[in-house]
Amino acid sequence: MKTIEEFNEKYLPYIEGGQGLISYMGAPSILNYLDEVFTDLVQIPGFKYSNIITRGGTARFINNLAEILPCVGRTMDHEIEERLNFLLTIEREITKRSEYAKTMDKESPIS
């Protein structure tokens, strides 16, 4: 999975009343993880989702798992959101360090 557009197109039949995956969740590690998870989730009869977003810097996966799988749906939500938050933290740190390195390169005198 390379782009958010590809992800949203692939899983369009499962989007219900939302936007699907939002642009700032488009890091390759996040897309690959979600594609892997969705490969299994779409096997669950009745599975739908509306959005995968961040609110206040925290990932939210809005779906109907708790309704269609009363005993385990909330646990699945929690686990997926935890992994998304972990991946977001890593991506933010990579971006931060990359920007810092670029700044340092510009400020370093050339020998």
Side-chain angles (χ1 to χ4, degrees):
M1 190 71 41
K2 297 192 187 316
T3 67
I4 292 167
E5 291 77 22
E6 289 174 348
F7 180 90
N8 284 335
E9 184 177 323
K10 182 176 181 178
Y11 297 108
L12 182 64
Y14 304 96
I15 297 174
E16 186 172 76
Q19 300 173 358
L21 182 61
I22 307 301
S23 63
Y24 42 80
M25 298 280 266
S29 62
I30 294 170
L31 286 173
N32 290 333
Y33 169 70
L34 286 171
D35 189 41
E36 185 178 310
V37 168
F38 268 63
T39 299
D40 293 331
L41 289 177
V42 298
Q43 303 302 315
I44 300 170
F47 168 74
K48 297 285 185 191
Y49 79 107
S50 60
N51 291 310
I52 303 170
I53 59 174
T54 60
R55 284 200 182 133
T58 301
R60 296 280 297 133
F61 176 40
I62 302 164
N63 61 72
N64 68 342
L65 287 172
E67 296 167 22
I68 60 175
L69 299 170
C71 295
V72 297
R74 291 192 197 285
T75 302
M76 291 171 66
D77 280 346
H78 178 73
E79 293 298 320
I80 293 167
E81 288 177 354
E82 266 194 18
R83 177 60 63 99
L84 285 172
N85 284 314
F86 175 73
L87 293 171
L88 278 171
T89 299
I90 291 171
E91 291 297 332
R92 287 181 188 127
E93 186 64 27
I94 289 169
T95 300
K96 185 171 113 181
R97 289 180 185 209
S98 176
E99 289 171 1
Y100 178 74
K102 287 177 189 175
T103 302
M104 294 304 293
D105 287 344
K106 290 179 183 177
E107 293 177 1
S108 297
I110 299 176
S111 307

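Treat the numbers as computed from the prediction; the structure is a model and nothing was measured.
Once rounded to the nearest 0.5 Å, the distance linking CD of E81 with OG1 of T54 reads 11.5 Å. Within the model, atoms CE of M76 and CD1 of I68 stand 8.0 Å from one another, a figure rounded to the nearest 0.5 Å. A distance of 9.5 Å separates OH of Y11 from CZ of F47, quoted to the nearest 0.5 Å. The distance from atom CG of L34 to atom OH of Y49, rounded to the nearest 0.5 Å, is 8.5 Å. A distance of 15.0 Å separates CZ in R74 from CD in E79, rounded to the nearest 0.5 Å.
Residues K2 and L31 approach most closely at O-CD1, 3.6 Å, considering heavy atoms. Here the shortest heavy-atom pairing between D35 and T39 reads O-OG1, 2.7 Å. Scanning both residues, S50 and I15, for their nearest heavy atoms gives O-CG2, 4.2 Å. Between N64 and G46, the shortest heavy-atom contact is ND2-O, 2.8 Å. The shortest non-hydrogen separation linking Y33 to I80 is OH-CA, 3.5 Å.
Contact check on E93 versus R97 returns a salt bridge, with a Lys/Arg side-chain nitrogen under 4.0 Å from an Asp/Glu carboxylate oxygen.
Here the side chains of F61 and L41 are in contact, with some heavy-atom distance below 4.5 Å.
Checked by atom type and distance alone, the side chain of N63 never pairs as donor or acceptor with a backbone atom of D77 at under 3.5 Å. A side-chain donor-acceptor contact under 3.5 Å links R92 to the backbone of G57. Remark: the backbone N or O of I53 is not paired with any side-chain donor or acceptor of N51 at under 3.5 angstrom. Of the possible donor and acceptor atoms, one in the side chain of K48 sits under 3.5 Å from a partner among the backbone N and O of P13. Not one N or O on the side chain of N85 forms a donor-acceptor pair closer than 3.5 Å with the backbone of T58.
Proximity of the aromatic rings of F7 and F38 is defined here by a centroid distance below 6.0 angstrom, and this criterion is met.
Enclosure of atom CD in E36 is not indicated, since only 12 or fewer non-hydrogen atoms of other residues, nucleotides or ligands lie within 6.0 angstrom.
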